[in-house]
2 protein chains.
Amino acid sequence: MAALASLIRFSDNVRVGNMSTIWMERRLDTLEKAMPEAAGTQSVDRALMLLSLIGRHGEAGMSLAAVVAGSGLNRPTARRLLLALMRSRLVEQEPETRRYFLGEEAYVLGVLASHRFGFLDCALESLASLSRTSGDTSFASVRRGDFAVCLHREEGAFPIRTHALLPGHRHPLGVGAGAMAMLAALSDAEIEPILAANAPLLEERYAGYPPETIRADVAFARQHGFSLNPGRVLANSWAIGMAVRYPDGRIAGALSIAAIDSRMGDARQGELAGHLGREVARVEARLARRFAAPPSGAARPAGGRGRGATPRDDISMGGIGS
Amino acid sequence: MAALASLIRFSDNVRVGNMSTIWMERRLDTLEKAMPEAAGTQSVDRALMLLSLIGRHGEAGMSLAAVVAGSGLNRPTARRLLLALMRSRLVEQEPETRRYFLGEEAYVLGVLASHRFGFLDCALESLASLSRTSGDTSFASVRRGDFAVCLHREEGAFPIRTHALLPGHRHPLGVGAGAMAMLAALSDAEIEPILAANAPLLEERYAGYPPETIRADVAFARQHGFSLNPGRVLANSWAIGMAVRYPDGRIAGALSIAAIDSRMGDARQGELAGHLGREVARVEARLARRFAAPPSGAARPAGGRGRGATPRDDISMGGIGS
DNA sequence: CCCAGGCGTCCACATGATGGACTGACAGCA
DNA sequence: TGCTGTCAGTCCATCATGTGGACGCCTGGG
């Protein structure tokens with residue numbers, strides 16, 4: 001259970017009670033400088049950690065015991081916070097199995113947020129095309145703090161597939177082709193703290209990823225224009241990946257393709273990289289069309305606090321068209 | 001400000017401090033019976049109310065003053081809770097304008113939740129088809145408690161359009177064609193408490209919707225197979241709508257089409273209703289394909305608590321394919 | 001039939017969350 | 001240029017909320 005507890009963090013950036021492993025405290029020191037200070041919201045932080053935890057176990061849901069184990073919270077506390085999430089419809093509990101799942105409100109918020117972020121919306125067609133033309137499995141992932149989270153997996157026609165990476169699964173940045181592509185897209189100054197923060201976890205659970213190997217993989221990705229996972233975690237499962245950027249240059253996520261090693265020789269790597277590069281360009285074009293201005297509103301008028309240029313806050317029921 | 005405060009509720013079901021209008025208290029009495037009891041999570045409930053509030057103001061975001069006005073919270077409290085939401089990346093603040101928006105984590109959770117709920121994913125193609133063939137504006141909405149929330153709006157080619165209903169906008173069930181379609185899909189026993197709960201708000205802000213008119217519109221929708229908004233809110237803006245169901249019969253949401261009154265004569269209503277019915281059937285077929293079992297897992301083995309049949313909680317990093 | 005494991009609740013106590021008061025920044029106006 | 005109003009954001013004394021050890025119930029497996 002200690003190992004389980006060490007894995008779990010709310011959006012990878014929140015200090016939660018009862019978690020005291022060395023590597024975690026070290027990385028929180030690193031990150032707290034970049035995050036709003038936590039004071040007077042322990043309960044909220046805990047609830048949102050639970051939400052994220054449940055989000056990453058979408059398909060099978062989670063039992064209360066797993067939530068307790070994964071969060072490090074005491075059972076009455078976890079249950080009470082889950083009740084609050086259930087009242088908000090962000091989480092729901094299946095009566096028969098008692099397991100907890102993301103609720104419909106999470107979906108609705110995601111839809112409302114997609115007007116600012118829709119990376120996967122823009123990527124789905126490309127993933128379908130990649131898997132159709134290659135026959136292999138393709139993935140979309142996003143960065144969450146120092147980790148990569150798989151958002152979508154698209155099956156190809158080839159019958160031998162790895163089923164290890166599923167939506168919600170999360171790995172340290174650098175572990176896996178999509179995660180490596182996003183890491184390699186960062187500057188060295190950004191990469192070093194991430195490696196430092198993840199060092200304990202990598203040493204404990206990712207034996208194939210000593211830091212020097214990750215740095216070499218970063219160099220490879222920068223040199224070749226695509227990242228390569230030569231079966232570092234699962235010997236026969238190889239993958240290549242590329243980062244995708246918003247028009248303003250920020251990393252939106254990554255696309256990757258996985259196949260068994262016999263389908264990932266040098267020649268086929270190049271072929272798949274060509275397909276991948278074209279689809280990445282298409283996703284980036286769709287993102288550009290979707291956000292005429294970047295999601296952070298950088299195109300908005302600058303100048304001081306800029307309050308004069310902001311939309312009026314008109315919390316009222318507009319006339320209705322439907 | 002009192003009018004503003006009366007509008008805001010977290011997922012329409014949470015009692016929040018400082019809100020004491022008669023209609024709100026009355027409806028909470030009605031609803032608390034159906035909701036997990038709130039004890040020891042006031043802070044969490046408040047934070048999630050803010051999240052929902054910001055979610056419904058996606059495009060323009062919200063200032064702190066608007067959040068304070070809309071939530072009824074004191075400013076330091078609202079700010080502190082917003083900081084917690086920002087730490088979790090569910091909310092982000094735009095530095096130039098200081099406005100708050102849904103963050104990328106909301107999008108990621110929505111993507112992860114879409115494996116259980118993807119109504120809009122299944123509806124987008126149909127909305128595009130409806131607007132392409134009709135030339136008018138089409139909408140997808142979902143039920144949130146006693147309200148309907150617009151998730152998506154698809155523009156048609158006809159140049160005269162109402163821009164009143166936007167994603168995030170929320171109206172009482174029954175107000176607007178999509179909201180009416182969802183209301184009419186409920187049983188009378190389900191409808192009456194909703195009308196009772198919404199009565200103060202309807203009286204205050206929806207003069208065109210006395211309860212007997214809503215009941216007549218429900219009867220019309222049940223008789224004709226589609227709901228009709230004959231310009232009740234905006235005189236020249238008419239709309240028709242239909243509910244969409246998950247395979248297990250629960251209401252997934254509604255599709256609707258809006259047009260100016262001169263384009264909504266009886267003959268064209270029938271024509272549009274035909275298109276709408278076909279696309280609703282297509283959406284329902286896509287939902288059926290997507291969820292071989294209904295989202296609530298009703299197909300799972302029954303029998304007592306059914307814990308023996310549940311997936312193992314294996315919170316571990318699986319082997320990786322990407 | 002018994003036992004272990006998981007789920008869920010209670011409530012005395014400790015801790016965390018609140019909001020009135022205050023400060024700073026900025027835009028608009030005289 | 002100076003003043004005023006508005007908004008954003010913070011501090012900390014006070015009090016209300018949140019916690020978790022203990023307990024009971026239910027179910028499945030041996």
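We name chains A, B, ... by the order of the sequence lines, and we start the count at 1 in each one. Only this structure's heavy atoms are used, side chains among them; waters, hydrogens and symmetry mates stay out. Remember, predicted model here, so these are calculated numbers, not experimental data.
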Between atom [atom1] in [X] and atom [atom2] in [N], what is the gap in whole Å?
X	N	atom1	atom2	answer
Met86(A)	dC7(C)	CE	P	13 Å
Met62(A)	dC7(C)	CE	P	11 Å
Asp45(B)	dA17(C)	CG	P	13 Å
Leu64(A)	dG6(C)	CG	P	10 Å
Leu81(A)	dT17(D)	CG	P	16 Å
Arg99(B)	dC26(C)	CZ	C1'	16 Å
Leu73(A)	dG20(D)	CG	C1'	11 Å

Please tabulate the protein-to-nucleotide N/O contacts below 3.5 Å involving nucleotides 10-13 of chain D, giving atom names and distances.
from: dT10(D); atom 1: OP2; to: Arg79(B); atom 2: NE; distance (Å): 3.4

Who pairs with Glu192(A) by side chain to side chain donor-acceptor pair (under 3.5 Å), at least two apart in sequence or on another chain?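 So Glu192(A) forms a side chain to side chain donor-acceptor pair (under 3.5 Å) with Arg215(A).
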Once side chain to side chain donor-acceptor pair (under 3.5 Å) is applied, do any residues pair with Tyr100(A), and if so which ones, sequence neighbours excluded? Arg79(A), Gln93(A)
Partners meeting side chain to side chain contact (heavy atoms under 4.5 Å, CB included) with Leu166(B) (sequence neighbours left out): Arg153(B), His169(B)
Under the side chain to side chain contact (heavy atoms under 4.5 Å, CB included) test, which residues partner Glu190(A), sequence neighbours left out? Leu186(A), Ser187(A)
I need the single residue from Arg116(B), Arg143(B), Arg144(B) that forms a salt bridge (charged side-chain N to carboxylate O under 4.0 Å, His left out) with Glu104(A). Which is it?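 Exactly one pass, corresponding to Arg144(B).
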Quick one: which of [options] gets closest to the side chain of [X]?
X	options	value
Arg46(A)	dC7(C), dA17(C), dG20(D)	dG20(D)
Gln42(B)	dA8(D), dG18(D), dG20(D)	dG18(D)
Asn74(A)	dA17(C), dG20(D), dC7(C)	dG20(D)

So if I apply the side chain to side chain contact (heavy atoms under 4.5 Å, CB included) rule between Leu73(A) and each of Leu81(A), Val67(A), Val68(A), Leu82(A), which one comes out positive? Leu81(A)
Would you say a side-chain N or O of Tyr100(B) is under 4.0 Å from OP1 or OP2 of dA8(D)?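 For dA8(D), OP1/OP2 do not have a side-chain N/O of Tyr100(B) under 4.0 Å.
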How close do Ala84(B) and Asp45(A) get, heavy atom to heavy atom, and via which atoms? CB-OD1, 3.6 Å
